[in-house]
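Here is the naming used below: chain letters follow the sequence lines, and residue numbers restart at 1 for every chain.
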2 protein chains.
Amino acid sequence: MTPAAERVLEVAGKLFYDNGIHAVGVEAIASEAGVTKKTLYDRFGSKDALIAHYLRRRDERWREHVIRVVEQRGRIAPARRLLLVFDALEQWIAEENPRGCAFVNAHAELPDAAHPGRDVIREQKQWLLEYLRTLAREVGVRNPRKLATSLLVLIEGANVTSTLGVVPGAVGNAKEVAKQLIESS
Amino acid sequence: MTPAAERVLEVAGKLFYDNGIHAVGVEAIASEAGVTKKTLYDRFGSKDALIAHYLRRRDERWREHVIRVVEQRGRIAPARRLLLVFDALEQWIAEENPRGCAFVNAHAELPDAAHPGRDVIREQKQWLLEYLRTLAREVGVRNPRKLATSLLVLIEGANVTSTLGVVPGAVGNAKEVAKQLIESS
DNA sequence: CTTCGAGTAAACCGACCGGTATGGTTACTA
DNA sequence: TAGTAACCATACCGGTCGGTTTACTCGAAG
């Protein structure tokens, strides 16, 4: 990844997320990054490929963030560690996610299932589900898969509702429900 | 609402939802509806106003659907009636919602808070929250507002996750969680 | 019998879209 | 020192965007 490509990706991440993918032209990205369109196309090949790169990069940051928050403290009960995912979400929303889940938003703008970005979207959700499942297994519940599914639903729901601004304390509420859910599993 | 305007609105509803708002031009809507652009602009004034009309119309259909499913059966326990909202969602997804919540999707494409469509989006979520609160109050739980919030989170989460295709039985799962939540409230 | 709203048809506007082409410059490296 | 990768600058391509304008037709209501 060349320095120019890095700048393009960074700018694209900001513009795509803030304004929506279709609303942003490659010309705007190039000029904002201090790069010519030629360079942009030399590095990424097409806008669609750039979109996929943008999503991949954001997914990487999200995963790192979750893992950092969940695994920062050394000794902690597995059930509490599972709940830390909700704290990670709350921080993520406050710091990087004012316009909602970038992957849900991208999915709304990419109806073509063959779009290269669609794979990234699917993988992002799949990873979170698997991660939750792993944590749930460590808790020792009867049905880790089912619990992980429920928690994913709560997380996605909290993300959407808190973004839409209808319910301010959506993440905290979801965390409470999750706690109750874990205890009764 | 003139017949031509009606056709425009119907076509716009389909194209906007299936392809995303920005991806559809007014020219495509007009020609698909068998109408000239002049007629479209005489009736709706602007694309932004048409977007708001599209969302409003879809919200109306959604509310009618929910109310029909929830209130179809005469005598039924309030707790069971509350759970019928999840059945309504499942039907809605199967019949009209393969690409996820139109309002969440629209929110992703309309970053400008002053856009006329944003009001409709907010009102759609607000209505559902109020409706859930009313049903929760009839159940007689201690904190209807809190329960309604939790249910909204579950509904939005189930809608998103089942759309993204990561979890097939997301709505059923959410309903189970909701049942447990109601019983322990 | 006339007025008027609703509609068609078609051209037009400036702006922007994603993408390409040509050509030149810098800096590192084999 | 020759080659090459990375970059800049500019101009261009066909096509589409949202939106406007002019001119005309038609049917129904006053």
| Taking side chain as C-beta onward, heavy atoms only, is E90(B) less than 4.5 Å from E95(B)? | no

| For E6(A) and dA6(D), what is the distance between atoms CD and C1' respectively, to the nearest whole Å? | 15 Å

| How would nucleotides 16-30 of chain D be written as a contact map, 5' to 3', with B for base contact, S for sugar-phosphate-only contact and - for no contact, using protein heavy atoms under 4.0 Å? | -SBBBBB--------

| R7(A) side chain near dC8(D) phosphate (N/O to OP1/OP2, under 4.0 Å) | yes

| Could E71(B) and R81(B) be called an ion pair, given the rule that one side-chain N must be under 4.0 Å from one carboxylate O? | no

| request: Taking all non-hydrogen atoms of both residues into account, name the closest pair between A158(B) and V153(A) and its distance. | output: N-CG1, 3.5 Å

| More than 12 foreign heavy atoms under 6.0 Å from CZ of R80(B): is that the case here? | no

| message | With a cut-off of less than 4.0 Å, is there a side-chain N or O of T2(B) near OP1 or OP2 of dA6(C)? | response | no

| task | Please name all residues satisfying ring pair (Phe, Tyr, Trp, His ring centres under 6.0 Å) with H115(A), sequence neighbours left out, ordered by chain then number. | result | none

| message | Using whole Å, what does the distance between atom P of nucleotide dC17(C) and atom CG of L50(A) come to? | response | 14 Å

| Can you list, by residue number, the residues of residues 107-117 of chain B that have a non-hydrogen atom closer than 4.0 angstrom to DNA chain C? | none

| said: Checking N173(B) against S150(A): is there a side-chain donor and acceptor pair closer than 3.5 Å? | reply: yes

| request: May I ask you to verify if any side-chain N or O of R43(A) is less than 4.0 angstrom from the OP1 or OP2 atom of dA5(D)? | output: no

| said: Check for me whether R58(A) meets the cation-pi criterion with Y17(A), that is, NZ or CZ under 6.0 Å from the six-membered ring centre and within 45 degrees of the ring axis. | reply: yes

| request: Specify the separation, in whole Å, of atom CD1 of I29(A) and atom C1' of dC16(C). | output: 14 Å

| Tell me: CE of M1(A) to P of dC7(D), nearest whole Å? | 11 Å

| said: Are there over 12 heavy-atom neighbours, none belonging to E123(B), within less than 6.0 Å of that residue's CD? | reply: yes

